[in-house]
Each structure stands twice: as structure tokens, then as C-alpha cells.
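Just so we're clear, the structure is a prediction, and the values are computed from it rather than from any experiment.
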Amino acid sequence: MMGGMAGLEDVEQPRPRGSATAARWTPAVEDEQAFRAVELYGNPTDEEVRLPSRPESAATARRLTHCVVARQWGLSAQTAEYAVLLVSELVGNAVRHTGARVFGLRMLRRRGWIRIEVRDPSRGLPCLMPVHEMDTSGRGLFLVDKLSDRWGVDLLPRGKTTWFEMRVSDRTAER
């Protein structure tokens with residue numbers, strides 16, 4: 001992991017490829033950006049990755065999650081999609097509601113389960129609110145509750161870790 005906080009501008013933009021279609025989304029460009037994020041910030045399966053608490057960091061967290069869940073762990077596309085969505089929701093809450101300068105991202109895998117954690121220095125607990133059809137915000141924890149198998153918050157001496165877990169099949173069964 002790098003010692004200082006690098007800017008996100010290099011991660012957010014694909015490198016020019018000398019063609020007019022370089023700006024289009026392609027899996028290769030997304031993979032390149034994900035691997036670049038791992039190089040810049042570290043692998044969240046090795047140790048907690050610290051990201052600046054800015055809205056742009058949600059994209060970095062999504063890329064890191066996709067890189068780990070889909071590429072490193074080789075899990076299904078649906079598992080990766082759900083994990084990316086739920087990480088985005090937890091990171092959004094950490095950025096919007098905690099006033100933190102940085103937050104931490106950690107990913108763990110054990111037989112049959114994955115666990116993804118977002119740590120921040122606030123001890124304010126997230127609240128699962130009722131969701132109504134016309135609501136335009138406040139759906140984050142609702143999604144976490146519906147798409148994960150379990151989730152929770154661990155209070156720490158200085159802050160909290162909000163986490164979710166998902167059941168997964170063995171690697172060979174998901175391919």
C-alpha cells in the first residue's frame with residue numbers, strides 16, 4: 001500500500017489507446033483501471049485499504065471490489081455485481097454521513113462466504129429506514145439488507161466497521 005493519498009484522476013480515466021473509440025467502456029479498460037487501483041491503494045484482501053472520503057472514491061472501491069470478487073476469487077458475475085453495488089452503498093454512507101477524511105475497505109473470504117467491510121472513524125450507527133416507492137434516497141441499507149445474507153456494524157474504540165456477508169459456492173462450482 002502506498003504511504004500517502006494519491007489522486008484519483010489517473011484511476012478514473014482510461015489511458016488513450018490511439019483510437020477514436022478509446023473512451024467507450026470495455027471490459028479490458030475496466031480491468032485495467034481495477035488493476036491500477038490495486039497498484040495505487042493495495043489489495044483489500046491483504047490488508048485494509050484506506051481511501052480518501054470523497055464521492056470519487058466510490059468508483060475506486062467498486063473497481064477494487066470487482067477486481068477481487070470476479071478476478072482474484074473467480075466468483076460468479078452476479079455475486080460480483082451484488083458485491084460492487086453493496087460496497088458502493090456502504091462507501092456512500094461513510095462519505096456522506098461521517099465527516100471522515102478517510103475510510104477503510106477490507107475483503108475476506110472463507111469457505112462458503114465472503115465478507116466486505118467499510119471502516120470509518122464515526123461511532124454513529126447506520127439506520128435501516130423503511131423504503132417507499134417514490135423515495136429518491138435512503139435505499140442503501142435496504143439494498144444491503146435485501147442482497148446480502150447478513151450484515152451488521154461492529155463498534156470500535158474509535159469508529160465502526162459496517163460489513164456484509166454473502167454465501168458463495170466453491171470456486172469450481174461458480175465458473
**Asked** Does Glu117 have any side-chain hydrogen bond (donor to acceptor under 3.5 Å, both in side chains) partners at least two apart in sequence or in another chain, and if so, which?
**Response** Arg115
**Message:** Using the side-chain contact (heavy atoms from CB on, under 4.5 Å) criterion, which residues pair with Val84? Sequence neighbours excluded.
**Reply:** Arg62, Thr65, His66
**Item:** Results of side-chain contact (heavy atoms from CB on, under 4.5 Å) for Pro121 - residues two or more places apart only
**Value:** Ala100
**Prompt:** So, for Val49 and Gly42, which heavy atoms are closest and what is the spacing to 0.1 Å?
**Reply:** CG2-O, 3.5 Å
**Asked** Nearest heavy-atom pair of Pro126 and Val153: which atoms, and what distance?
**Response** CG-CG2, 3.5 Å
**Gap between atom OG of Ser148 and atom CE of Met166 - 0.5 Å precision** = 7.5 Å
**Fill in**
By salt bridge (Lys or Arg N to Asp or Glu O under 4.0 Å), Arg119 pairs with (sequence neighbours left out) Glu48
**Fill in**
Value for CD1 (Ile116) from CG (Leu90), rounded to nearest 0.5 Å, stands at 9.0 Å
**Request:** Would you kindly say whether Ser76 and Thr79 are connected by a side-chain donor-acceptor distance under 3.5 Å?
**Result:** yes
**Complete:** Separation between CE (Met107) and SG (Cys67), nearest 0.5 Å, reads 9.0 Å
**Request:** Answer whether the closest heavy-atom distance between the side chains of Arg109 and Val168 falls below 4.5 Å.
**Result:** yes
**Asked** What is the minimum heavy-atom distance between Ala80 and Val69, and which atoms define it?
**Response** CA-CG1, 3.6 Å
**Message:** Run the side-chain hydrogen bond (donor to acceptor under 3.5 Å, both in side chains) test against Arg106 and tell me which residues pass, sequence neighbours left out.
**Reply:** none
**Asked** Any side-chain heavy-atom pair from Val87 and Phe164 closer than 4.5 angstrom?
**Response** yes
**Message:** For a 4.5 angstrom cut-off between non-hydrogen side-chain atoms, does Pro52 reach Phe103?
**Reply:** no
**Request:** Just jot down the salt bridge (Lys or Arg N to Asp or Glu O under 4.0 Å) partners of Arg110, sequence neighbours excluded, or say none.
**Result:** Glu165
**Message:** Less than 6.0 angstrom from the centroid, inside 45 degrees of the normal: does Arg150 satisfy that with respect to the ring of Trp113?
**Reply:** yes
**Asked** Which is it for Asn93 and Val118 under the side-chain contact (heavy atoms from CB on, under 4.5 Å) test, yes or no, and what are the steps along the way?
**Response** CA-CA 10 Å; Asn93 285 347; Val118 174; over 6 Å; no
**Fill in**
Thr45 meets the side-chain hydrogen bond (donor to acceptor under 3.5 Å, both in side chains) criterion, sequence neighbours left out, with Asn43, Gln72
**Prompt:** Would a 4.5 Å heavy-atom cut-off, applied to side chains only, mark Val91 and Leu51 as touching?
**Reply:** no
**Asked** Is it the case that one hydrophobic cluster holds both Trp163 and Leu143, taking links as side-chain heavy atoms less than 4.5 Å apart, direct or via other members?
**Response** no
**Item:** Distance (rounded to the nearest 0.5 Å) between Thr161 OG1 and Leu105 CG
**Value:** 11.0 Å
**Message:** Can you tell me how far apart CG (Leu64) and OH (Tyr41) are? Round to the nearest 0.5 Å.
**Reply:** 8.5 Å
**Message:** Salt bridge or not between Lys160 and Asp120? Use side-chain N to carboxylate O under 4.0 Å.
**Reply:** yes
**Item:** Val102 vs Ser53 side-chain heavy atoms within contact, under 4.5 Å
**Value:** no
**Complete:** When rounded to the nearest 0.5 Å, the distance separating CZ of Phe35 from CZ of Arg71 is 6.5 Å
**Asked** So do Ile114 and Leu108 actually touch side chain to side chain, heavy atoms under 4.5 Å?
**Response** no
**Message:** When you measure from the side chain of Arg123 to the backbone of Leu156, do you find a donor-acceptor pair of N or O atoms at a distance under 3.5 Å?
**Reply:** yes
